[in-house]
Number of protein chains: 2
Amino acid sequence: MASEDGRRAIPDAAVARLPVYHRCLLDLETEGRVTVSSEQLAEMAGVNAAKVRKDLSHFGSYGTRGVGYDVTQLIIDLRRELGLTHNWRCVIVGAGNLGSALASFAGFRERGFEVVGVVDVDPQRIGRQIGGLVVGHEDELASIVAERDVAIGVIAVPPAAAQEATDRLVECGVRSILNFAPTVLDASDEVQIRNVDLAIELQILAFHEGRRSDDRPADAPSPA
Amino acid sequence: MASEDGRRAIPDAAVARLPVYHRCLLDLETEGRVTVSSEQLAEMAGVNAAKVRKDLSHFGSYGTRGVGYDVTQLIIDLRRELGLTHNWRCVIVGAGNLGSALASFAGFRERGFEVVGVVDVDPQRIGRQIGGLVVGHEDELASIVAERDVAIGVIAVPPAAAQEATDRLVECGVRSILNFAPTVLDASDEVQIRNVDLAIELQILAFHEGRRSDDRPADAPSPA
DNA sequence: AGCTGTGAATGACTTCACAGCA
DNA sequence: TGCTGTGAAGTCATTCACAGCT
């Protein structure tokens, strides 16, 4: 996108892969591996070797020719590049099934993201304890964001409430939002929004699944 | 050039957007709208108008020049194209926080995906009721897939168990898998796998967030 | 006039292929 | 020798711009 000048620009497609490499490298480190070639890393990450090398070259990684990359050093570089040198604090808006699952999801904390607040509007949910946190009222959002230094907001409310949740987060100064509501959100260009629509992922699978059985007989599941 | 095989080929990038259009059209239909222009639909979907037109043209949609697309007809075409003319049955492997949330996630059923089974290996979880289903033992997978005509498997187990879960699903004949475990899965090319790594989504946000403050105070060390 | 459908132009990303270093 | 780093070539996707229908 319109990355301002200043630092080298890394293509979006490459950025999306860096976390995968990071994850693979952590596994390698656990196994005690000291170096890794682009080919080995590619195999683990499910991409090809040239892509790995180019992706890493975007931020001036230095492998050793004839040997490969130093696992520990590459982890350090990736951590710095991905901004994982400190924990990022997140707040979750919406304490339904999904919000609750996200709040207690161990995978976040392990990878440097700490959920420091969960809010909802439903009195039934406010006060309940989820993943070590007490669900707060949505009106507390501003104070939670300010006091706990929140950088990322996660939207896990029904679609009809998602835009309002976004507006509130933005008002509170949050500029990075992960949206799980199946709706397109409006916000200033300053605000980064990533959408994860779980049903869309299934629809994409269904699309391909449906295509391969053009020739298949009466095998398709019958209507519910 | 387009591969001149049996059916029309739709670019992957376009396929990923069709469900978004579908979702927007459902909203339009609810509002009682009869027609929609590519520009209006683009605005709702958060893309540009030329893209909408090209995407729809891939499967021979027919809008009316001077007027736009017939909302109801376009929904029908998209449903057919996306294979949403019947419900898809899904089984979830892993009944932890995430698996449980997915099993009771209303958004799936609304969009044509029915969760017909949830299994786990943990005796503590087996027998529990989640979203109207009783959690089964993982050994029941084969019978659930066969008897309930499951087409899609959802993996919501810890990374260390994900490959085994995949192998089991594939053995049972499942050829479309949605993987929430943060690990790259191995399977034959026949099997389609889509990965959703929630922590990666946050990492991508963090990357951009970290970039916009080059002049960050105490956090970013400046390496040579 | 208004808006779609689409070739052609542009841009982004991927892969190739090889020079050059350890 | 083995493997990285990278220009150049190739592939895929997006956007432009306009002919052509209603």
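Convention: sequence-line order gives letters A, B, ...; per-chain numbering from 1. All values below were derived from every heavy atom in this structure, side-chain atoms included, with hydrogens, water molecules and symmetry-related copies excluded.
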Can you give the donor-acceptor pairs under 3.5 Å from side chains of residues 65-73 of chain B to other protein atoms, not counting sequence neighbours?
{"unit_1": "B:D70", "atom_1": "OD1", "unit_2": "B:T72", "atom_2": "N", "d": "3.1"}
{"unit_1": "B:D70", "atom_1": "OD1", "unit_2": "B:Q73", "atom_2": "N", "d": "2.9"}
{"unit_1": "B:Q73", "atom_1": "NE2", "unit_2": "B:D77", "atom_2": "OD1", "d": "3.1"}

Residues which pass ring-ring contact (aromatic ring centres under 6.0 Å, His included) with A:F105, listed by chain and number, not counting sequence neighbours: A:F108
Length of the CZ-P vector between B:R53 and D:dA19, whole Å: 15 Å
Within 6.0 Å of CD in A:E29, more than 12 heavy atoms from elsewhere: yes
Contacting residues from residues 38-49 of chain B, given that a heavy atom lies under 4.0 angstrom of DNA chain D: B:N48
B:Q163 atom CD: more than 12 heavy-atom contacts under 6.0 Å: yes
B:S38 versus B:R53, side-chain donor and acceptor atoms under 3.5 Å: yes
Near-strand residues of residues 13-32 of chain A, defined as heavy-atom separation under 4.0 angstrom from DNA chain C: A:A13, A:R17
Start and end of chain A contact along DNA chain C [non-hydrogen atoms, under 4.0 Å]: C:dC13 to C:dA22
Heavy-atom donor-acceptor pair, A:R89 side chain to A:R148 backbone, under 3.5 Å: yes
Spacing between B:D12 atom CG and D:dC12 atom P, to the nearest angstrom: 10 Å
Strand-adjacent residues in residues 67-77 of chain B, judged by heavy atoms under 4.0 Å from DNA chain C: B:V67, B:G68, B:Y69
B:Q40 CD: over 12 foreign heavy atoms closer than 6.0 Å: yes
Whole-Å distance separating the NZ atom of B:K54 from the C1' atom of D:dT15: 9 Å
Under 3.5 Å donor-acceptor, B:W88 side chain and B:V150 backbone: no
Within 6.0 Å of CZ in B:R109, more than 12 heavy atoms from elsewhere: no
Most 5' of B:T64 and A:T64 on DNA chain D, judged by nearest nucleotide: A:T64
For atom CG of B:D55 and atom C1' of D:dC12, their distance in whole Å: 14 Å
Under 3.5 Å donor-acceptor, A:D27 side chain and A:E31 backbone: no
Check: A:Q192 side chain, B:L205 main-chain N or O, donor-acceptor pair, under 3.5 Å: yes
NZ/NE/NH1/NH2 to OD/OE distance under 4.0 Å, A:D197 and B:R111: yes
A:L202 backbone acceptor or donor facing B:R194 side chain under 3.5 Å: no
